[in-house]
Amino acid sequence: MPGGQRKLARRFYSTDAATLAPRLLGCVVVRILPDGTRLAARIVETEAYVGVQDRACHTFASRRTPRVEPMYGPPGTAYIYFTYGMHHLLNVVCGAVDEPVAVLLRAAEPLDGLDQMREHRGPRPVPDHHLARGPGCLAKALALDVSFSGLDLVNDPRLWLQSGRLTATEAAAVVNTPRVGIDSAGSPWTGALLRWAVATSQSVSGPSVRTRSS
DNA sequence: ATGACGATTTACT
DNA sequence: GTAAATCGTCATA
């Protein structure tokens with residue numbers, strides 16, 4: 001069966017965001033709750049935020065504030081921030097120390113702990129494949145908030161990523177599109193092809209990614 | 001101290 | 001399709 005096997009090592013994260021983002025498709029996010037429950041979800045949508053040149057990136061123009069400090073840390077650090085007054089978004093820091101780049105995890109297919117994920121999402125009914133569809137939903141399903149920002153995905157017992165592969169069919173269905181929700185960043189960043197998604201997955205968020213036919 | 005603004009989601013016309 | 005919800009962060013003063 002598909003899914004992760006071993007925890008991703010520091011080396012895996014030591015590359016630029018646009019390289020790491022597509023490589024994370026098929027990998028598995030694992031979250032251990034305080035009571036020991038293990039949640040797992042398979043990543044199907046990611047976006048790269050490529051650093052100080054990128055107007056859509058929080059570290060544009062080398063901004064270095066307490067919020068974004070984790071992005072300047074070692075590859076394999078989690079960067080989680082709060083936005084719109086209600087949502088938390090989970091990023092994986094990559095690159096090298098003092099090189100503030102990261103990959104946003106936008107959507108994942110739930111594998112384990114679905115009941116707990118549903119509980120975290122709240123009272124509204126949610127189909128299984130929508131539990132972690134969208135970056136805000138993903139973080140919420142995994143019960144993550146800003147208190148987890150800065151944790152080390154290579155050593156922390158509460159959160160990590162595991163290796164995983166896409167099927168041949170899925171790999172052939174990966175689409176590379178502009179990022180979602182950054183229209184105000186301006187050219188060329190708004191149109192930059194820095195989002196990757198498994199178009200065949202029912203758990204992908206955002207604008208339609210159905211394979212184009214023309 | 002103040003005000004504008006989100007790497008979103010959900011509800012509603 | 002449009003709009004509301006809701007608050008920490010950041011730039012400006």
Side-chain angles (χ1 to χ4, degrees), chain A residues 13 16-22 24-25 29 41 43-73 77-95 99-108 110 117-150 153 161 175-197 202-209:
Chain A
Y13 300 106
D16 61 283
T19 298
L20 180 64
L24 286 178
L25 298 178
V29 198
I43 299 165
V44 293
E45 182 184 357
T46 57
E47 281 179 359
Y49 287 83
V50 302
V52 301
Q53 305 291 116
D54 181 357
R55 285 203 100 90
C57 184
H58 288 170
T59 55
F60 172 69
S62 300
R63 276 198 298 268
R64 187 163 189 164
T65 62
R67 179 180 67 149
V68 303
E69 187 60 29
M71 286 192 62
Y72 288 83
T77 297
Y79 168 51
I80 299 177
Y81 70 94
F82 183 61
T83 191
Y84 289 105
M86 61 192 92
H87 301 297
H88 295 278
L89 278 64
L90 169 63
N91 298 260
V92 173
V93 175
C94 52
E99 182 193 355
V101 296
V103 173
L104 170 69
L105 302 189
R106 287 195 57 91
M117 291 186 194
R118 185 168 282 104
E119 204 168 290
H120 297 151
R121 286 292 308 280
R124 298 185 64 260
V126 187
D128 288 356
H129 62 280
H130 285 184
L131 284 170
R133 185 184 71 163
C137 295
L138 186 153
K140 192 168 186 184
L142 298 179
L144 296 172
D145 60 52
V146 293
S147 71
F148 292 83
S149 192
L153 295 166
L161 269 56
V175 292
N176 181 206
T177 78
R179 292 171 291 182
V180 177
I182 56 154
D183 291 346
S184 64
S187 178
W189 300 106
T190 293
L193 302 179
L194 293 173
R195 170 180 177 243
W196 286 264
Q202 296 176 103
S203 298
V204 170
S205 75
S208 172
V209 289

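Sequence lines set the chain letters: A, B, ... in the order given, protein chains first and strands last, and positions in each chain run from 1. What you see below is based on every heavy atom in this structure, not just the backbone, and it leaves out hydrogens, waters and symmetry mates.
Annotation for A:Ala102 and A:Val93: closest pair CB-CA, 4.0 Å, computed over non-hydrogen atoms. Nearest heavy-atom pair, A:Ala108 versus A:Ala41, reported as atom, atom and distance to 0.1 Å: CB-CB, 3.6 Å. The heavy-atom pair separating A:Leu194 from A:Asn176 by the smallest distance is N-ND2, 4.0 Å. Looking at every heavy atom in both residues, A:Ile182 comes nearest to A:Thr190 through O-OG1, 3.2 Å. Summarising the geometry of A:Pro100 relative to A:Cys57, their closest heavy-atom pair is O-SG, 4.2 Å, with the distance given to 0.1 Å.
Mapping heavy-atom proximity under 4.0 Å, the span of DNA chain C touched by chain A runs 5' to 3' from C:dA5 to C:dA11.
Only A:His87, A:Leu89, A:Asn91, listed by number, bring a heavy atom of residues 87-95 of chain A to less than 4.0 angstrom from any atom of DNA chain B. Contacts between residues 132-146 of chain A and DNA chain B, counted as heavy-atom distances below 4.0 Å, involve A:Gly134, A:Pro135, A:Gly136, A:Cys137. Within residues 118-127 of chain A, the residues approached by DNA chain B to less than 4.0 Å at the level of any non-hydrogen atom are A:Arg121, A:Arg124, in residue-number order.
At a threshold of 4.5 Å between non-hydrogen side-chain atoms, the residues A:Thr46 and A:Leu25 count as touching. Counting only heavy atoms from C-beta outward, the side chains of A:Tyr79 and A:Arg67 approach each other to under 4.5 Å.
Annotation: salt bridge (charged side-chain N to carboxylate O under 4.0 Å, His left out) contacts involving residues 45-62 of chain A, sequence neighbours excluded, comprise A:Glu45-A:Arg106, A:Glu45-A:Arg195, A:Glu47-A:Arg106, A:Asp54-A:Arg179.
Between the A:Trp189 side chain and the A:Gln53 main chain, a donor and an acceptor come within less than 3.5 Å of each other.
Here the straight-line distance linking atom CG of A:Leu138 with atom CZ of A:Arg121 works out to 10.0 Å at 0.5 Å rounding. Atom CG of A:Leu144 is separated from atom OG of A:Ser149 by 10.5 Å, given to the nearest 0.5 angstrom.
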Go ahead and write out DNA chain C as dot-bracket, 5' to 3': ( ) for pairs within the strand, [ ] for ones crossing earlier pairs, | when the partner sits on another strand, dots for unpaired; Watson-Crick or G-U wobble, both distances under 3.5 Å.
|||||.||||||.
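Here A:Ile182 lies in heavy-atom contact (under 4.0 Å) with sugar-phosphate atoms only.
Not counting sequence neighbours, A:Glu119 has no partner by the salt bridge (Lys or Arg N to Asp or Glu O under 4.0 Å) test. Considering only residues two or more places apart in sequence or on other chains, A:Asp183 meets the salt bridge (Lys or Arg N to Asp or Glu O under 4.0 Å) condition with none of them. Here A:His120 pairs with nothing under the ring-ring contact (aromatic ring centres under 6.0 Å, His included) rule; sequence neighbours left out. Looking at residues two or more places apart in sequence or on another chain, you find no salt bridge (Lys or Arg N to Asp or Glu O under 4.0 Å) involving A:Arg63. Checked against ring-ring contact (aromatic ring centres under 6.0 Å, His included), A:Phe82 has the following partners two or more places apart in sequence or in another chain: A:His88.
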Under the side chain to side chain contact (heavy atoms under 4.5 Å, CB included) criterion, do A:Val103 and A:Tyr13 qualify, and how do the steps go?
CA-CA 10 Å; A:Val103 173; A:Tyr13 300 106; over 6 Å; no
From CA spacing to verdict: side chain to side chain contact (heavy atoms under 4.5 Å, CB included), A:Val29, A:Ile43:
CA-CA 7 Å; A:Val29 198; A:Ile43 299 165; 3.6 Å; yes
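By the 5.5 angstrom centroid cut-off and the 30-degree plane limit, A:Tyr49 is classified as stacked against the base of B:dA7.
Atom CZ in A:Arg179 sits about 8 Å away from atom C1' in B:dA7, given to the nearest Å.
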What protein N or O atoms touch nucleotides 4-6 of chain B N or O atoms at under 3.5 angstrom, if any, and at what distances?
{"unit_1": "B:dG6", "atom_1": "N2", "unit_2": "A:Tyr84", "atom_2": "N", "d": "3.4"}

